[in-house]
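Have a look at the structure below before the remarks.
Both backbone and side-chain heavy atoms feed into the values below; hydrogens, waters and symmetry mates do not.
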Amino acid sequence: MGAGVRPRQRHRRLPVPHPARSSAGGVRYAVTTGGSGAIPRIDAANPLPTGAWTHVAVTQAGDLGVLYVDGSEVARNTALTLLPASLGSTAQNRIGRSQYANDPYLDGAVDGFRLHGRALGAAEVADLHATGR
């Protein structure tokens with residue numbers, strides 16, 4: 001999945017499918033069926049800049065998940081065993097809002113959100129960023 005994201009302010013957590021922030025402040029991708037204590041995730045070192053458009057993408061092939069920011073890999077997890085499809089049928093399919101009531105809504109904008117039927121390679125993610133797609 002990939003999208004352009006422009007946060008207006010930094011939150012401790014932002015709801016998936018757009019990037020969240022880890023407890024250390026960096027970008028985070030996470031998906032869970034077991035609640036917040038059982039979240040397989042990908043954590044990057046740095047947060048997204050506020051007030052600026054940033055291209056964010058996550059790819060997953062098997063157990064390898066890779067998080068990209070502006071076309072460059074920023075973090076990976078080789079034990080990302082849960083696919084978004086593992087969630088099954090869900091009723092809380094939102095962009096900019098978490099399923100958890102105490103999580104803040106995204107104070108920002110999302111544009112060009114895309115889901116792909118396969119994991120994109122690094123060159124394909126870089127091309128999406130470079131071409132603004």
Side-chain angles (χ1 to χ4, degrees):
M1 71 180 76
V5 180
R6 185 182 61 183
R8 284 195 257 294
Q9 63 181 341
R10 292 196 175 128
H11 296 281
R12 185 175 153 270
R13 289 175 293 182
L14 295 176
V16 170
H18 61 76
R21 285 186 72 190
S22 69
S23 57
V27 179
R28 169 179 285 169
Y29 167 79
V31 61
T32 184
T33 58
S36 62
I39 299 177
R41 57 186 171 229
I42 308 170
D43 288 332
N46 297 313
L48 295 179
T50 57
W53 282 105
T54 304
H55 183 262
V56 179
V58 175
T59 64
Q60 186 173 355
D63 292 348
L64 173 62
V66 182
L67 176 62
Y68 297 88
V69 173
D70 286 340
S72 297
E73 180 180 330
V74 295
R76 64 175 45 214
N77 181 340
T78 58
L80 197 64
T81 56
L82 189 64
L83 291 165
S86 302
L87 298 175
S89 179
T90 63
Q92 297 176 344
N93 303 313
R94 306 172 183 134
I95 297 175
R97 182 175 172 196
S98 173
Q99 67 178 340
Y100 301 110
N102 290 334
D103 285 350
Y105 288 19
L106 171 65
D107 184 9
V110 176
D111 188 32
F113 181 80
R114 292 179 166 201
L115 293 174
H116 298 270
R118 62 178 178 80
L120 300 180
E124 292 172 298
V125 173
D127 182 61
L128 288 176
H129 167 63
T131 60
R133 292 187 278 156

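Leu128 approaches Arg114 most closely through the heavy-atom pair CD2-NH1, 4.0 Å. Across all their heavy atoms, Ala52 and Pro7 have their closest contact at O-CD, 4.2 Å. When every heavy atom of His55 is checked against every heavy atom of Ala57, the shortest pair comes out as CE1-CB, 3.9 Å. Residues Leu80 and Gln60 share a closest heavy-atom pair of O-NE2, 2.7 Å.
Linking Ile, Leu, Val, Met, Phe, Trp and Tyr residues whenever their side-chain heavy atoms come within less than 4.5 Å leaves Val5 and Val125 in two separate clusters. Linking ILVMFWY residues whenever their side-chain heavy atoms come closer than 4.5 Å, directly or via other members, leaves Leu120 and Ile42 in distinct clusters. The hydrophobic cluster containing Leu115 does not contain Leu83, counting ILVMFWY residues as joined when their side-chain heavy atoms lie under 4.5 angstrom apart, directly or transitively.
The side-chain contact (heavy atoms from CB on, under 4.5 Å) check on Ala122 picks up Tyr68, with sequence neighbours excluded. Residues forming a side chain to side chain donor-acceptor pair (under 3.5 Å) with Asp63 (at least two apart in sequence, or on another chain): none. Partners of Ala109 under the side-chain contact (heavy atoms from CB on, under 4.5 Å) rule, at least two apart in sequence or in another chain, are Arg6, Trp53.
Of the inter-residue distances, the one linking Leu67 atom CG with Glu73 atom CD reads 8.5 Å to the nearest 0.5 angstrom.
No donor-acceptor pair closer than 3.5 Å links the side chain of Asn77 to the backbone N or O of Gly65.
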Q) What do the steps show when you test Val27 against Val74 for side-chain contact (heavy atoms from CB on, under 4.5 Å), and what is the final call? A) CA-CA 9 Å; Val27 179; Val74 295; 5.6 Å; no
